There are 2 protein chains.
Amino acid sequence: MQRSRKYPQRTIPRALLYIRILDDLLKRGKQFVSSGELARITGVRDVQIRKDISNFGPVGKPRVGYQIRALKNLLEASVQKKAVQVVLFGMGNLGKAIARYPEFHTEKIKIAAAFEKDPRLIGKDLNGIRVYSLEKVNSVVKRTRALIGINAVPKEAAQEMADVMVAAGLRGIINFCPTPITIPDHVAVKNIDLTIEFMTLLCDINP
Amino acid sequence: MQRSRKYPQRTIPRALLYIRILDDLLKRGKQFVSSGELARITGVRDVQIRKDISNFGPVGKPRVGYQIRALKNLLEASVQKKAVQVVLFGMGNLGKAIARYPEFHTEKIKIAAAFEKDPRLIGKDLNGIRVYSLEKVNSVVKRTRALIGINAVPKEAAQEMADVMVAAGLRGIINFCPTPITIPDHVAVKNIDLTIEFMTLLCDINP
DNA sequence: TTTAATTCGTGAAGCATTTAACGAATGACA
DNA sequence: TGTCATTCGTTAAATGCTTCACGAATTAAA
Ligand SMILES: NC(=O)c1ccc[n+]([C@@H]2O[C@H](COP(=O)([O-])OP(=O)(O)OC[C@H]3O[C@@H](n4cnc5c(N)ncnc54)[C@H](O)[C@@H]3O)[C@@H](O)[C@H]2O)c1
Ligand SMILES: NC(=O)c1ccc[n+]([C@@H]2O[C@H](COP(=O)([O-])OP(=O)(O)OC[C@H]3O[C@@H](n4cnc5c(N)ncnc54)[C@H](O)[C@@H]3O)[C@@H](O)[C@H]2O)c1
């Protein structure tokens, strides 16, 4: 995977979080916010916040803080890429919950279609998401210009689905299956493994 | 949060991943595995794997690799704390999917109870998980000895639920709400924010 | 106008984690 | 038996990220 950024990797998710908070503050009619205030809200340290923001340009005013709208615009221009179409593989328990999640029906992120093996689900429509058979993957991905696939099939089929996604030309995979998948370098993966999250949290607790 | 480990924080989730892979290899009748082979399966570099394992003790044999059972035992003894009881807040779309996830009905992780505001859901039983009203939180947490709470209520109620969890004596929170929550130092939180995961992946793609 | 207090921005210092380099152990095989 | 290739384990170097320290800018108020 290529590497040519001028800011740390871990700044990205924080910046995305700041964007969401700023949006919320804007909606509540606020105009300015300081790094200290953002720190209280997000749990990120104020210095870290200033450092993060300074990666993208000078936008704050001493003694006043940041103009919320300007900061939000700057952050969005820096890390918020344009809208993305997503396709969902597996409309089971998890797939259904995801299909119903309003944040995946926005301008920024839109689930454009789903794929299933189970013939009883094929042809159905869930929350505006049409369910197709697996033969349709290539054509639907092409038509919708989807970039990202969500892997929500049983873990036994995880690698098989990953191969299908790669073959269809998807560029990124969100993998909910508790199994590592092997894919070529030009495709990015994000594994979300709830069991590991739980056990890690448990390690943080007991010390 | 206390800090008294002898190995890096980031080793923990990797070790948990190794454990799962080893388990799988064992089930398939394998006896030995090398760091190179684990690297191919997990996507983690072989040096990193050897380094991780060396944190816990010398267990590998040059030229042969690791005896799978011995390695698994060692890792489990090091990072896999004893079983944990979990309670679920919010039995909506996501809560239902989680309640039906088999990995949360094991000896290691067990969802012991759920809590809801909606009276139509209270008293129901989903996959063996009883749904209680919010008044029952304290007594149920006490009785089940639950340590961790899952926050799967609408984001507007996120902080309120977090406060309830803290008051009930839970020691860790898995937060699915796309809102930072504020809690005292002695409680650990793990935020799982799917929207941010998506946008981060998208940043990895475009470069 | 001056002073004081606040808040940003940044270069340097400090940690944490990963990667590299390499010796030592082991088994395979001539 | 001795040689060779392989794989572990460890110390050191490199990289990446966070925190510190402090100057500069700005506003409020004396
Ligand atoms: N349920 C959860 O809360 C949860 C949480 C974390 C991870 N996961 C993981 O997510 C995945 C899905 O979980 P789930 O609970 O929704 O399982 P599920 O069995 O309810 O759903 C899987 C769906 O995938 C379909 N499917 C099967 N093979 C397929 C294939 N080859 N191609 C396309 N679709 C196929 C099935 O018909 C089914 O509808 C699993 O790998 C699981 O481990 C689930
Ligand atoms: N659906 C998804 O795939 C998904 C994905 C990521 C994050 N999330 C987040 O997870 C949370 C739940 O999502 P969802 O889709 O299940 O929402 P949902 O509306 O389907 O379910 C929420 C449930 O919580 C209950 N509830 C409301 N207030 C409550 C309270 N004070 N105490 C206890 N229960 C209460 C409601 O009765 C409802 O059953 C939301 O914050 C959402 O942003 C959802």
Side-chain angles (χ1 to χ4, degrees), chain A residues 1-18 22 25 30-72 74-75 78-79 200 203-204, chain B residues 1-18 22 25 30-72 74-75 78-79 200 203-204:
Chain A
M1 196 50 48
Q2 199 168 177
R3 178 69 53 86
S4 66
R5 264 174 304 89
K6 55 232 155 291
Y7 49 87
Q9 185 97 241
R10 302 169 119 261
T11 293
I12 297 176
R14 285 195 301 263
L16 292 163
L17 176 61
Y18 305 154
L22 295 171
L25 293 174
K30 237 172 156 315
Q31 302 242 354
F32 288 87
V33 70
S34 69
S35 59
E37 208 169 344
L38 281 175
R40 238 169 295 122
I41 300 173
T42 59
V44 179
R45 289 222 208 302
D46 59 352
V47 196
Q48 180 76 75
I49 291 177
R50 287 200 298 280
K51 188 107 209 171
D52 284 339
I53 292 174
S54 76
N55 282 303
F56 305 115
V59 66
K61 274 210 187 352
R63 183 72 211 242
V64 175
Y66 301 92
Q67 203 216 329
I68 297 181
R69 165 131 355 243
L71 177 55
K72 177 165 175 266
L74 178 65
L75 293 180
S78 309
V79 303
T200 306
C203 285
D204 288 347
Chain B
M1 197 50 48
Q2 199 167 174
R3 178 66 55 87
S4 67
R5 263 175 304 89
K6 54 231 156 290
Y7 47 87
Q9 184 96 244
R10 299 165 126 267
T11 293
I12 297 175
R14 286 194 301 265
L16 292 163
L17 176 61
Y18 305 154
L22 294 171
L25 293 174
K30 237 170 155 313
Q31 302 243 354
F32 287 87
V33 69
S34 69
S35 59
E37 207 168 346
L38 281 176
R40 238 169 296 122
I41 300 172
T42 58
V44 179
R45 289 224 211 298
D46 58 352
V47 197
Q48 180 76 76
I49 291 176
R50 288 201 297 280
K51 184 109 215 176
D52 284 339
I53 292 173
S54 75
N55 282 304
F56 305 114
V59 65
K61 274 208 187 351
R63 183 71 211 238
V64 176
Y66 302 91
Q67 204 215 326
I68 297 181
R69 164 127 1 238
L71 177 55
K72 176 165 174 265
L74 178 66
L75 293 179
S78 309
V79 303
T200 307
C203 286
D204 288 347

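Every chain is numbered from 1, with letters handed out A, B, ... down the list of sequences. Since the model is a prediction, treat every value here as computed from it, not as a measurement. Worth knowing before you read on, the calculation uses all heavy atoms, side chains too, and leaves out hydrogens, waters and symmetry mates.
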- Close side-chain approach of A:Y18 and A:L71, heavy atoms under 4.5 Å: no
- Message: Please give me the minimum heavy-atom distance between A:Y7 and A:S78, naming the atom from each residue.
- Response: OH-O, 3.6 Å
- Item | Separation of C:dA16 C1' from A:R10 CZ (nearest whole Å) | 10 Å
- Which residue lies toward the 5' end of DNA chain D, A:P62 or A:P8, if each is placed at its nearest nucleotide? A:P8
- Distance, rounded to the nearest Å, where A:F56 contributes CZ and C:dG9 contributes P: 13 Å
- Query: Taking only residues two or more places apart in sequence, or in another chain, which ones meet A:K51 in a salt bridge (charged side-chain N to carboxylate O under 4.0 Å, His left out)?
  - Reply: none
- Query: Can you tell which of C:dC8, C:dT18, D:dT10 lies closest to the side chain of A:S34?
  - Reply: C:dC8
- Message: Looking at the base of C:dA28, is there any donor atom on it, or on the side chain of B:R63, that sits under 3.5 Å from an acceptor on the other one?
- Response: no
- Query: Rounding to a whole Å, what distance do you find between A:Q9:CD and D:dT15:P?
  - Reply: 17 Å
- Item | Rounded distance in Å - CD (B:E37) to P (D:dT7) | 9 Å
- Query: Quick one: which of A:Q31, A:R50, A:K72 gives a side-chain contact (heavy atoms from CB on, under 4.5 Å) with A:Y66?
  - Reply: A:R50
- Message: Taking the side chain as everything from C-beta on, heavy atoms only, tell me whether A:Q9 gets closer than 4.5 Å to B:T200.
- Response: no
- Message: If I compare all heavy atoms of A:R14 with all of A:V44, which pair ends up nearest, and what's the gap?
- Response: CD-CG1, 3.9 Å
- Item | Residue met sooner reading DNA chain D from 5', once A:K61 and A:Y7 are mapped to nucleotides | A:Y7
- Rounded interatomic separation in angstrom, taking CG from A:N55 and P from C:dC8: 15 Å
- Message: Among residues 39-53 of chain A, which ones have heavy-atom contacts with DNA chain D below 4.0 Å?
- Response: A:R45, A:V47, A:Q48, A:K51
- Message: Looking at every heavy atom in both B:C203 and A:I12, which two are closest together, and how far apart are they?
- Response: SG-CG2, 3.8 Å
- Item | Rounded distance (Å) that lies between atom C1' of D:dC8 and atom CG of B:L71 | 12 Å
- Query: Quick one: A:Y18 OH to C:dC8 C1', roughly how many Å, whole number?
  - Reply: 15 Å
- Once you round it to whole Å, what is the distance between C1' of C:dG9 and CG of A:L74? 14 Å
- Message: Applying a 4.0 Å non-hydrogen cut-off, can you work out what B:S35 is touching in the nucleic acid: base, sugar-phosphate, or nothing?
- Response: sugar-phosphate
